[in-house]
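Data first, discussion second: the structure below is written as C-alpha cells.
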Amino acid sequence: QVKLVESGGGMVQAGGSLRLVCAASGRTFSSYALGWFRQAPGKEREFVAALSRSGLSTGYADSVKGRFTISRDNAKNTLYLQMNSLKPEDTAVYYCAATSSTYTSRSYGDYDYWGQGTQVTVSS
C-alpha cells in the first residue's frame, strides 16, 4: 500500500513556474507507475502526465506538453511535476496517483492510490 501527500501548490502569475512534489510512504514505491491529474471547478478530473516505474517512459496531455515535466526519485520515494510557462487554464487542484500497472496510464480508473490534492492558481 502507498500513501501519497502532495505539496508545492500556490498562486502564481501567468508565465511563472511551480514545482509540485508528491511524497510517498511505503517500501515498494519503485514498483508503481505514477501520474499527475488535475481537476478544475465544475470539470472532471483530467490526465496531466504519467511516468513508468523506471522513470524512462513518460506521457503528457497535449495541453501541457513542452511546458510540464514529470520525474521521480525512487531513492527518496518522491514524484515531481515541474510546471513552466503556466497559463490561467492550468488553474486546478492537482493530484498525484500510483498504479500497480506495468505501463504508464492516462486513465483515471487504472490508478489505485491518490493523494489529497494541492491547489494551483494561475492569475492573468
Side-chain angles (χ1 to χ4, degrees):
Q1 192 166 3
V2 177
K3 181 179 179 181
L4 305 171
V5 179
E6 302 96 335
S7 62
M11 184 176 292
V12 65
Q13 289 190 331
S17 299
L18 284 173
R19 187 177 77 157
L20 303 185
V21 179
C22 176
S25 63
R27 294 180 293 177
T28 59
F29 178 74
S30 60
S31 66
Y32 292 90
L34 303 169
W36 287 97
F37 288 75
R38 67 187 182 187
Q39 188 166 17
K43 296 187 177 181
E44 293 186 352
R45 193 168 298 191
E46 65 174 2
F47 168 76
V48 175
L51 185 64
S52 64
R53 296 174 181 179
S54 66
L56 297 178
S57 178
T58 59
Y60 294 93
D62 287 344
S63 59
V64 308
K65 198 174 296 183
R67 300 188 297 122
F68 291 11
T69 303
I70 188 172
S71 61
R72 67 190 296 167
D73 186 335
N74 285 341
K76 296 182 178 179
N77 280 13
T78 304
L79 173 69
Y80 304 96
L81 184 69
Q82 178 66 42
M83 305 186 296
N84 298 328
S85 302
L86 283 161
K87 304 175 181 180
E89 51 263 43
D90 294 319
T91 294
V93 177
Y94 283 71
Y95 299 88
C96 64
T99 174
S100 56
S101 172
T102 302
Y103 305 103
T104 58
S105 173
R106 297 169 179 251
S107 176
Y108 171 89
D110 286 340
Y111 287 81
D112 306 300
Y113 304 102
W114 292 84
Q116 84 290 348
T118 185
Q119 176 71 47
V120 171
T121 303
V122 185
S123 60
S124 57

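For the numbers below, each heavy atom of this structure counts, side chains included, while hydrogens, waters and symmetry mates do not.
- When the side chains of ILVMFWY residues are joined at heavy-atom separations under 4.5 Å, either directly or via intervening members, M83 and I70 end up in a single hydrophobic cluster.
- Side-chain contact, D110 with T99: no donor N or O sits under 3.5 Å from an acceptor N or O.
- Taken to the nearest 0.5 Å, the OG atom of S57 stands 10.5 Å off from the OH atom of Y103.
- The two atoms that bring A92 and Q119 nearest to each other are O-NE2, 3.4 Å, heavy atoms only.
- Looking at T91, its side chain does come within 3.5 Å of a backbone N or O of V122 through a donor-acceptor pair.
- Note that CZ of F47 is 9.0 Å distant from OH of Y60, once rounded to the nearest 0.5 Å.
- S25 places a side-chain N or O within 3.5 Å of a backbone atom of K3 that can act as its donor or acceptor partner.
- Residues in residues 42-54 take part in these salt bridge (charged side-chain N to carboxylate O under 4.0 Å, His left out) pairs, two or more places apart or across chains: R38-E46.
- Shown here are the ring-ring contact (aromatic ring centres under 6.0 Å, His included) partners of Y108, two or more places apart in sequence or in another chain: W114.
- One N or O on the side chain of R72 and one on the backbone of S52 form a donor-acceptor pair closer than 3.5 Å.
- Partners of Q116 according to the side chain to side chain contact (heavy atoms under 4.5 Å, CB included) rule, which considers only residues two or more places apart in sequence or in another chain, are V5, E6.
- Here R67 pairs with D90 under the salt bridge (Lys or Arg N to Asp or Glu O under 4.0 Å) rule; sequence neighbours left out.
- Both F68 and L34 belong to a common hydrophobic cluster when Ile, Leu, Val, Met, Phe, Trp and Tyr are linked at side-chain heavy-atom distances under 4.5 angstrom.
- Among all heavy-atom pairs drawn from S105 and A50, the shortest one is O-CB, 3.7 Å.
- Residues Y94 and L51 fall within the same hydrophobic cluster, defined by Ile, Leu, Val, Met, Phe, Trp and Tyr side chains chained together at heavy-atom separations under 4.5 Å.
- With rounding to the nearest 0.5 Å, the separation of OG in S101 from OH in Y111 is 8.0 Å.
- To the nearest 0.5 Å, the span separating CG on L79 from CZ on F29 amounts to 6.0 Å.
- By the rule that hydrophobic residues join a cluster once side-chain heavy atoms approach within less than 4.5 Å of another member, V48 and Y95 end up as members of separate clusters.
- Between V93 and G117 the shortest heavy-atom distance is CG1-CA, 3.8 Å.
- Here L81 contributes atom CG and S71 contributes atom OG; the two are 8.5 Å apart, rounded to the nearest 0.5 Å.
- Residue Q82 comes nearest to S17 through the heavy atom pair NE2-CB, 4.0 Å, listed as atom of the first residue, atom of the second, then distance.
- Y80 shares a hydrophobic cluster with V21; the chain of contacts runs through ILVMFWY side chains whose heavy atoms sit under 4.5 Å apart.
- Rounding to the nearest 0.5 angstrom, the gap separating the CD atom in Q13 from the OG atom in S124 is 9.0 Å.
- Considering only residues two or more places apart in sequence or on other chains, V2 meets the side chain to side chain contact (heavy atoms under 4.5 Å, CB included) condition with L4, A24, Y32, Y113.
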